[in-house]
Enquirer: 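Got a structure for you, questions after.
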2 protein chains.
Amino acid sequence: MLYLIGLGLSDETDITVKGLETVKKCSRVYLEAYTSILLVDKTILEKYYGRDVIIADREMVESASDEILNDAQNVDVAFLVVGDPFGATTHTDLVLRARDLEIPISTIPNASIMSAIGATGLQLYNFGQTISMVFFTDSWKPASFYDRVRENRNIGLHTLVLLDIKVKEQSLENMARGRKVYEPPRYMTVAQCAQQMLEIEELKKEAGEGGVYDEESLAVGAARVGGKTEKFVSGTLKQLCDSDEILGGPLHSMVLLGRRTHELESDYVREFAVDKECWDRIWKRDYEGKQ
Amino acid sequence: MLYLIGLGLSDETDITVKGLETVKKCSRVYLEAYTSILLVDKTILEKYYGRDVIIADREMVESASDEILNDAQNVDVAFLVVGDPFGATTHTDLVLRARDLEIPISTIPNASIMSAIGATGLQLYNFGQTISMVFFTDSWKPASFYDRVRENRNIGLHTLVLLDIKVKEQSLENMARGRKVYEPPRYMTVAQCAQQMLEIEELKKEAGEGGVYDEESLAVGAARVGGKTEKFVSGTLKQLCDSDEILGGPLHSMVLLGRRTHELESDYVREFAVDKECWDRIWKRDYEGKQ
């Protein structure tokens, strides 16, 4: 049997009781470690499970899935995923390959940032499509997210922005030379995300296609959702460009507010505002009662 | 401290290890039992937690929250919610009231149907806003969901439909006579949902506002997501009108497919099709490559 087990969002105790019982009886245990991370180390997980944990990087999951699925018709294999097993596309692919090999599959769900973001106080019903924000480089600033934000905002909906993480990445030079030397991991912060969003808005404006949001658009930054040190901050995009110190370490996520926002949502979220007066002013001017 | 603890979707072992440790040490334990249900009985939970469990119905949570929050400045109170604590609006309200009373709050997230629906193989990125479908009566057929489905479909997105449950409802006669006699619980099935959706499409068409979906629109029905007897079925809305037998008991949810659908999603979902040839034909005609 192939077990896809969600680990939740924070530490080793966020696994469900069912998940823990299952992982303990599996012959092999893989941890998917490139679409998200837990806030604890692999060795802590190994001790907690009483099992060796094999780190499955992108290369292994996408190219060497035979290894993961090997003999899973006869033995129990656990594939652990931070959050919920179906949060990321790659795992659908793994299941399809398991199906082809007639391997039985069982899924143990858990909290995903896609729903846990409700802890901001914003209603999940009012969210449109989720987007991802990748690290820009000097020459690569993919802006396909912009049209999706526009679609959400046109109908008044919030947008959850998932922020890039870079784990086990090689520098171009090391890659060219075939050296298996990896850069230190990087996790995008809410501040970086807000800066990149405003940068794209500027570029779009110059091209005559702008106006989806601006420096005074309201947003909520979230850090370590579901963990003991969970932290939220709300404010304008401009204000969130300076939120690194308030929010602290990874992982971060962001929500850009839609206009179809319930008063209860604002009451909840203004509590986290860097500047409550400023929040109230913009809320009244641009959001309250606007559809 | 007020602990909001998600129970996940299926049985008593879907609570997280952290959640279980917390509920065991709480002085009072409430179970919110009107926006969703677990598939196991209260007595099983009480035995599992080693704690009495107080059922919190809508009336208690909305009007008698003082009782729930009583002395939570000094003692630990657990408020258990099926799925994730922030899935439903009501709980935001409870937290706001706790804040006013300066009660510290801690949230323990869990799987929600909003993310666990990814187990259908449909990508969470491709979902628009979620809608709720309530039981129609002869004189009350609320159709506000229709415009939201239209908004999602206009931009090619899937729509998750959450289905009504009726727990501890009084008949009009009993309500009028003040008799505290309750009807047996009712849980909407995918078949009922599909029928109601087609009924509204007919009414809209007669009013000249139709065309959001039709009998041949593709959809996926899901039952007991995350549980051992989890079951999916895919097909046209017309086909899903007869899916009760395939899907079995509650809880059910439904997804109406959007056109911005990835081939991988169709590969995954057609596996559950009541009629694969029909699925392929409509997929090719109306969905594949259509934006």
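To find a chain, count down the sequence lines: A is the first, B the second, and so on, and within it residues start at 1.
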Enquirer: Find the one option among A:G19, A:G6, A:S115 whose heavy-atom pairs under 4.5 Å with chain B are most numerous.
Expert: A:S115

Enquirer: With only heavy atoms counted, which part of B:N110 is less than 4.5 Å from chain A, the side chain, the backbone, both or neither?
Expert: both

Enquirer: Can you tell me which of B:N152, B:L157, B:I117 forms the most heavy-atom pairs within a distance under 4.5 Å of chain A?
Expert: B:L157

Enquirer: Between A:R224 and A:K231, is there a donor-acceptor pair closer than 3.5 Å when you use the side chain of the first and the backbone of the second?
Expert: no

Enquirer: Could you measure the distance from the CD atom of A:E46 to the CG atom of A:L31? Nearest 0.5 Å is fine.
Expert: 9.5 Å

Enquirer: With a 4.5 angstrom heavy-atom cut-off, is it the side chain or the backbone of A:L162 that approaches chain B, or both, or neither?
Expert: side chain

Enquirer: Quick one: what part of B:S106 sits under 4.5 Å from any heavy atom of chain A, side chain, backbone, both or neither?
Expert: neither

Enquirer: Under a 4.0 Å threshold between the charged nitrogen and the carboxylate oxygen, would B:E209 count as salt-bridged to B:R150?
Expert: no

Enquirer: Select one option (side chain, backbone, both, neither) describing which atoms of A:D14 are under 4.5 Å from chain B's heavy atoms.
Expert: both

Enquirer: If you count heavy-atom pairs under 4.5 Å with chain B, which of A:D11, A:L122, A:I108 comes out on top?
Expert: A:D11

Enquirer: Please classify the contact of A:I15 with chain B as side chain, backbone, both or neither, using a heavy-atom distance under 4.5 Å.
Expert: both

Enquirer: So B:F232 and B:F272, would you call those rings parallel, tilted or perpendicular, with 30° and 60° as cut-offs?
Expert: tilted

Enquirer: Sort A:Y268 into side chain, backbone, both or neither according to what part of it lies under 4.5 angstrom from a heavy atom of chain B.
Expert: both

Enquirer: In terms of heavy-atom pairs under 4.5 Å, which option from B:G226, B:G83, B:G227, B:A119 contacts chain A the most?
Expert: B:A119

Enquirer: Using a cut-off of under 4.5 Å for heavy-atom pairs, which of B:G121, B:A111, B:P109 has the most such pairs with chain A?
Expert: B:A111

Enquirer: Do NZ/NE/NH1/NH2 and the carboxylate oxygens of B:D93 and B:R97 come within less than 4.0 Å?
Expert: yes

Enquirer: On a heavy-atom basis, which atom in A:S132 and which in A:F145 lie closest, and how many Å separate them?
Expert: O-CB, 4.2 Å

Enquirer: Between A:T130 and B:L124, is any pair of side-chain heavy atoms under 4.5 Å apart?
Expert: no

Enquirer: So which atom in B:C26 and which in B:Y3 form the shortest heavy-atom distance, rounded to 0.1 Å?
Expert: SG-CD1, 3.8 Å

